[in-house]
Number of protein chains: 2
Amino acid sequence: MTRLDRTPERQLLVRRLASATILDEAEREALISLPMLVRDFADGQDLVRGGDRPQHCCVLLSGFACRYLLLADGRRQIAAFHPPGDIPDLQSLHLQVMDHSVGAMMPTVAGFIQHEHVHRITSQHPRLIHAFWRETLIDAAIFRAWMVGLGRRTAHERIAHLICEMLLRFDAVGLAENRTFRLPVTQNDIADALGLSNVHVNRVLQDLRRDELISWQRPDVAILDWDRLRDLAMFDPAYLHMRSLPGAGAAEPGEEH
Amino acid sequence: MTRLDRTPERQLLVRRLASATILDEAEREALISLPMLVRDFADGQDLVRGGDRPQHCCVLLSGFACRYLLLADGRRQIAAFHPPGDIPDLQSLHLQVMDHSVGAMMPTVAGFIQHEHVHRITSQHPRLIHAFWRETLIDAAIFRAWMVGLGRRTAHERIAHLICEMLLRFDAVGLAENRTFRLPVTQNDIADALGLSNVHVNRVLQDLRRDELISWQRPDVAILDWDRLRDLAMFDPAYLHMRSLPGAGAAEPGEEH
DNA sequence: CGTTCCATTGAGACCCATCAATCTGTGTGG
DNA sequence: CCACACAGATTGATGGGTCTCAATGGAACG
């Protein structure tokens with residue numbers, strides 16, 4: 001648990017923040033050096049629980065996590081998926097009580113950073129406070145985009161849209177290649193994210209595969225026809241507020257959007 | 001447009017922020033004195049448009065607004081309702097391009113504050129940056145709560161939940177009394193907020209009235225049986241992250257939650 | 001090789017959408 | 001003060017997208 005171990009994984013955090021905000025060398029260095037306690041989580045284990053009053057934020061170093069809410073009778077809504085590099089509970093900096101849980105969807109490594117260390121780094125590097133704030137705002141923008149899906153898109157459009165979004169987000173941290181990425185979620189998880197039943201997700205996925213829009217051999221998702229998938233989803237990446245549009249892992253450079 | 005006009009309306013902003021964050025006298029004074037350009041909007045008019053790159057934030061001084069997203073074919077999703085006192089586009093501080101629009105749902109007065117003035121006040125009163133950040137985080141928490149509704153609640157539960165939430169939010173700025181408040185929205189708007197059709201909203205509202213849970217004579221909503229409505233909605237106000245639980249306008253003091 | 005998790009398939013039902021009238025209240029102009 | 005327009009609420013009929021229940025299949029794992 002020394003401060004500088006896991007440097008490669010820590011770079012994902014920098015890469016992630018830099019995809020949304022310009023960072024100078026001192027800021028990158030400060031981020032890399034953040035003291036963090038590294039912990040492993042098994043598939044299905046919670047990193048943070050609703051009702052908790054965390055004193056730290058967690059950075060995903062590897063693996064995959066989601067944020068979810070439960071109703072009393074067990075109905076579950078997944079509110080967000082988080083590839084490595086994300087800080088799923090950054091909000092706990094200013095909201096004392098967690099109103100949802102963060103769960104690992106595969107074996108996952110997370111770094112826990114005391115809130116006081118975040119406050120220290122933002123007072124030493126004032127622009128970082130805006131970078132972190134901005135992260136939470138992008139978070140909210142993605143919630144809004146998901147709300148449109150939940151409220152107004154058909155099942156086919158929802159699933160297509162989710163796949164488009166995940167490609168860009170994996171690509172932003174260098175975890176997509178050839179429009180292919182590892183999405184370690186079950187059809188049941190997709191259902192809980194998109195407000196559908198697992199049975200219906202299964203049937204829609206079959207449609208998308210039959211139409212050769214995607215292939216999905218767990219956990220590898222490949223987008224076979226980006227243009228048609230994007231059109232079906234009516235996908236407009238503006239809500240992700242990325243500084244630059246996707247590189248080789250997503251769309252070819254120079255492609256129209 | 002002098003700086004100190006509309007003081008009563010400006011107090012709503014302070015009241016709103018203070019419902020979530022403790023403010024001292026200097027901070028309140030600084031908020032009240034924020035230079036703002038006051039503008040009137042007609043019912044249906046947009047305060048901010050998706051695609052805009054605003055240089056200011058807007059405070060609702062009176063009226064009612066919503067944030068909405070449109071799909072290419074006209075489908076609309078309302079992502080948030082905003083009673084007076086709210087700053088619906090606070091995110092524009094750090095996200096350059098609006099990914100949605102803000103529209104007035106009745107004749108509305110809004111105060112526009114240049115971003116630079118917000119930055120100035122937060123550097124003079126550093127705790128205010130946390131208050132504003134916190135506002136955007138609560139915003140996101142409400143999005144998550146709506147996502148649960150859109151994805152996993154029945155139509156009856158969604159509508160009941162929305163009414164519970166609006167009562168508490170109106171009450172927080174002193175605009176509810178006797179569990180009654182003015183909600184100037186059409187059934188069509190409710191439908192677009194909750195992912196339903198206007199016809200179905202109409203039928204569900206009839207059920208809720210028949211069961212004497214609420215009365216709704218536009219624009220006045222009265223909650224007739226808080227306990228049953230809360231139970232139907234499975235409403236837990238934790239996600240609103242209010243400092244104190246509702247006063248006389250909402251639940252009686254001392255009532256269990 | 002039983003267990004377990006997950007994907008798949010079929011049948012039937014239902015919630016809710018869609019379409020299309022009709023009704024009601026409000027405001028407007030003559 | 002009436003005729004008219006208009007927005008929004010209401011009602012009925014019909015259909016479809018999606019859910020639920022239930023069973024089967026396949027792959028990984030100890």
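Reminder, nothing fancy here: chain letters follow the sequence lines and each chain counts from 1. No experiment lies behind these values; they were computed from the predicted model shown. Values reported hereafter were calculated over all heavy atoms of this structure, with side chains retained and with hydrogens, waters and symmetry mates removed.
- Within 4.0 Å of A/Gly195, counting heavy atoms only, lie sugar-phosphate atoms of the nucleic acid but no base atom.
- Using a 4.0 Å cut-off between charged side-chain N and carboxylate O, B/Arg16 and B/Glu135 make a salt bridge.
- With hydrogens and angles ignored, no donor-acceptor pair under 3.5 angstrom links the side chain of A/Arg203 to the base of D/dG17.
- Distance CD (A/Glu157) to P (D/dT18): 9 Å, rounded to an integer number of Å.
- Nucleic acid contact class of A/Leu196 (heavy atoms, under 4.0 Å, all strands): sugar-phosphate only.
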Stepwise side-chain contact (heavy atoms from CB on, under 4.5 Å) test for A/Glu9 and A/Val109: CA-CA 9 Å; A/Glu9 288 92 342; A/Val109 182; over 6 Å; no
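- Centroid-to-centroid, the aromatic rings of B/Phe64 and B/Phe170 come within less than 6.0 Å.
- For D/dT10, one of the phosphate oxygens OP1 or OP2 lies less than 4.0 angstrom from a side-chain nitrogen or oxygen of B/Asn202.
- Spacing between atom CG of A/Leu150 and atom C1' of D/dT18 amounts to 15 Å, rounded to whole angstrom units.
- If you check the side chains of B/Arg67 and B/Gln91, you find no donor sitting under 3.5 Å from an acceptor.
- Here B/Ser197 lies in heavy-atom contact (under 4.0 Å) with a base.
- When the side-chain nitrogen and oxygen atoms of A/Gln187 are compared with OP1 and OP2 of C/dC5, none of them lie within a distance under 4.0 Å.
- The interatomic distance linking B/His156 (NE2) with C/dC16 (C1') rounds to 11 Å, in whole Å.
- Straight-line distance from the CZ atom of A/Arg152 to the P atom of D/dG17: 16 Å, rounded to whole Å.
- In this structure, the ring of B/Tyr239 has its center less than 6.0 angstrom from the ring center of B/His161.
- Between the P atom of D/dT10 and the CG atom of B/Asn188 lies a distance of 13 Å, rounded to the nearest Å.
- If you measure from atom CG of B/Asp189 to atom P of D/dA9, you get 8 Å, rounded to the nearest angstrom.
- To the nearest angstrom, C1' of C/dC14 lies 14 Å from NE2 of A/His200.
- Between B/Arg209 and D/dT10 there is a side-chain N or O to OP1 or OP2 distance below 4.0 Å.
- Between B/Ile159 atom CD1 and D/dA9 atom P there is a gap of 12 Å when expressed in whole angstrom units.
- Residue whose closest nucleotide on DNA chain C sits further toward the 5' end, between A/Val199 and A/Arg218: A/Arg218.
- Both B/Asp43 and A/Ala155 sit near DNA chain D, but only B/Asp43 has its closest nucleotide nearer the 5' end.
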